[in-house]
Protein chains: 2
Amino acid sequence: MGNVKMKDVAKRAGVSVATVSYVINNTKNVLPETRERVIRALTELDYRPNSIAKSLRQKMTNTIGVIISDASNPYFTSMFRGIDDVFTKLGYQLIVCSSDEKPEKERKYLELLSQKQVDGIILAPTGGNRNYINDLLRSGLPMIFIDRYLEDVKIPAVVVDNTEASYQATQHLINMGHRRIGIIVGLKDISSTKERLNGYEAALKANGIPLDPELIKSGYSNTLEGYKAMLELLNLPSRPTAVFGTNNLMTIGLMQALQNNHVKCPEEIAVVGFDDFEWATAFRPFLTTVAQPTYELGKTAAEMLLKSREEEIKVTRVILHCQFMIRESCGCLLPHSQTQLS
Amino acid sequence: MGNVKMKDVAKRAGVSVATVSYVINNTKNVLPETRERVIRALTELDYRPNSIAKSLRQKMTNTIGVIISDASNPYFTSMFRGIDDVFTKLGYQLIVCSSDEKPEKERKYLELLSQKQVDGIILAPTGGNRNYINDLLRSGLPMIFIDRYLEDVKIPAVVVDNTEASYQATQHLINMGHRRIGIIVGLKDISSTKERLNGYEAALKANGIPLDPELIKSGYSNTLEGYKAMLELLNLPSRPTAVFGTNNLMTIGLMQALQNNHVKCPEEIAVVGFDDFEWATAFRPFLTTVAQPTYELGKTAAEMLLKSREEEIKVTRVILHCQFMIRESCGCLLPHSQTQLS
DNA sequence: TTGTAGGCGTTATCAC
DNA sequence: GTGATAACGCCTACAA
């Protein structure tokens, strides 16, 4: 009743363990009648294979590790779905870990996952652990970067066109007549943050608007930091007339700050956010957002990981495109219109 | 460079594998100088333990399985955080699976997890697989129910006071003068759904309001189903003046339906939702919600799972309390007030 | 204090 | 078509 093994099944069926294995895995021809006997023993004893033993023998765990910054962030959970859908079909399982943007936690999880002999890792790198990541690669562990990448680490990466998307969002605000545009970004040593900042700065420059460092606020990507950043912007001697929240959680915090201080959006301040929410069209103001193809991001990364286990992969960066969802929060009067970024 | 094992380390350090094991696990006294030698060999060779082999030997994987209905639902991700925080500290890892409320998927994951020899499972049951779950229990696999439970399966469960919370929310709407109150619920064979429905019905009854089956809409817990349900309610000959969305995703869908049809909330229809959102205070109308202690739910379940591995657990149900967050969407004029459910 | 050796439950390579 | 049996990498009596 406790734990029945192949040995027990073999005894019951009057065959050898090898034969049991053959039947279970369909790995060799077995006489129909012996197979019959084995199957009966299997069900009678309620045999359940031990995949740990199997993994040890085959050096394959059918497990994929995923390290992202915050497993409870809707942005990542959608990505997670994309990854999961690909791997579940193939009988793989996912171990998801949150690094919280902390290199030490990331390091710990990388160690744990490699010890657990995962067959591959999908990683949104914090920016640290370059050497260790290279070590793991050399030891033959396949990895894919997602959402961001490390300049000097040669792993395929699946990301979005952050610079262009950010440029377009900023340009749109400029088109609406804004010249003092605040921006709230995540940690600055993350590639996606840098790119979003670049797009913002490029748009300003292209329009002859001087860059004001006071309008740039950075912090961990959570609501509280977004809230505080917005407060600082509101307290500026010359308050911005528009804000660009470059990730979902900070944008929520930003909006909370506006509500708490009774600053009307978009009348008093225009807002554009990153990451589209399902509830962006359920509550007011409808939020104008840069919608990332989060599900596809995950799906693509998963597929690349699979491919990279077969052939050496040549392409090192896949760039997916964002969609600019223009709604009322940016002061535009065309609700629900949308344009595809070129 | 590929994979160095204890054997290699032993050879390099001029000791036996046993000694290497002793050093690594601090499991026996070793002469300082031999320990020194071993440690040097360990680092020089960049040894990384194979936890699959370890697991096979020790019959412990340091892995916990979590099966919930939708890993991308914010409600569950917060719960997940609570679970993760408990187990991460102890060096455990989590495998999270989405059953999507489908018994077949749930079954598949239960099989997979038990084969992977997880040390325990936290499960939000779909309602099916009673026999199989009992089998697993008998085989000695510790399990805890979370969010819901199965009447006839004797496992500890961590849930919230659904009936009371639902009663209170409904009573509040009645107090505001509503008598035609719609309710949108999830799948009806889930214990939490039943309880929420019970609370609603009890409140109506207590106030002498007849139950109108047309006002009850049920479906999968996602935005689309919530949207459709609300549409049906709006198209009723005699439209309700208030709606109770009994889970987060359906409530979002419900709100989208109101927005799309230009039905003003709370002026034309009052709304109360289940599950508090961070953005409930960032966008209008501020949503009145029944806030579940999601993080604590996860944390408690995790702690109970740990405990259940030591002692036979007596208590079979832990009930956590919800908080009623009264905001403007229910037509109340006291934004941000809140009361603790008794 | 250290080493030897058996075993964890499979799979895979040989023989037969 | 089937059956012994040696791995897989580690832990742990037990012996030395």
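The sequence lines fix the lettering, A, B, ..., with proteins before strands; numbering per chain opens at 1. Side chains included, hydrogens not; waters and symmetry mates left out as well; all remaining heavy atoms used.
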By ring pair (Phe, Tyr, Trp, His ring centres under 6.0 Å), B:Y109 pairs with (sequence neighbours left out) none
Pairs of donor and acceptor atoms involving the side chains of residues 74-83 of chain B, under 3.5 Å and at least two apart or interchain, shall be tabulated with distances.
| residue | atom | partner | partner atom | Å |
| --- | --- | --- | --- | --- |
| B:Y75 | OH | B:D147 | OD1 | 2.4 |
| B:Y75 | OH | B:Q292 | OE1 | 3.4 |
| B:T77 | OG1 | B:P74 | O | 3.0 |
| B:S78 | OG | B:T294 | OG1 | 2.6 |
| B:R81 | NH2 | A:D70 | OD1 | 3.0 |
| B:R81 | NH2 | A:D100 | OD1 | 2.8 |

Look at the side-chain N and O atoms of B:K54 and state whether any lies under 4.0 Å from the OP1 or OP2 oxygen of D:dC10.
-> no
Considering just the side-chain nitrogens and oxygens of A:Q117, establish if one lies under 4.0 Å of OP1 or OP2 belonging to D:dG9.
-> no
Axis-to-axis angle across the helix from C:dT1-D:dA16 to C:dC16-D:dG1, five pairs each end, nearest 10 degrees, ~ 40°
Please check if any side-chain donor atom of A:T63 sits under 3.5 Å from a side-chain acceptor atom of B:K116, or the reverse.
-> yes
Any side-chain N or O of B:T19 under 4.0 Å from OP1/OP2 of C:dG3?
-> yes
Strand-adjacent residues in residues 30-43 of chain A, judged by heavy atoms under 4.0 Å from DNA chain D | A:V30, A:L31, A:T34
Protein-nucleotide distance (A:N29, atom CG; D:dG3, atom P), rounded to Å = 15 Å
Side-chain N,O (A:N50) to OP1/OP2 (C:dT10) below 4.0 Å = no
Between B:G14 and B:A53, which is nearer to the 5' end of DNA chain C once each is assigned its nearest nucleotide?
-> B:G14
So, is A:K59 close to the D:dG9 phosphate, meaning a side-chain N or O under 4.0 Å from OP1 or OP2?
-> yes
Side-chain contact check for B:V15: nearest option of C:dT10, C:dG3, D:dC8 is C:dG3
Of all residues at least two apart in sequence or in a different chain, which pass the ring pair (Phe, Tyr, Trp, His ring centres under 6.0 Å) check with A:F145?
-> none
Does a donor on one side chain sit under 3.5 Å from an acceptor on the other, for A:D8 and A:Y47?
-> no
Among C:dG3, C:dT10, D:dG3, the nucleotide that comes nearest once only the side chain of A:A18 is considered = D:dG3
Sorted by position of nearest nucleotide on DNA chain C, 5' first, the leading residue of B:L56 and A:R57 is B:L56
Quick one: is B:S16 getting a side-chain N or O under 4.0 Å of the C:dT4 phosphate, OP1 or OP2?
-> no
Phosphate contact (D:dG9 OP1 or OP2) by B:N3 side-chain N/O below 4.0 Å | no
Check nucleotides 14-16 of chain C for protein N or O atoms closer than 3.5 Å to its own N or O atoms and list the pairs.
| residue | atom | partner | partner atom | Å |
| --- | --- | --- | --- | --- |
| C:dC14 | N4 | A:K28 | NZ | 2.9 |

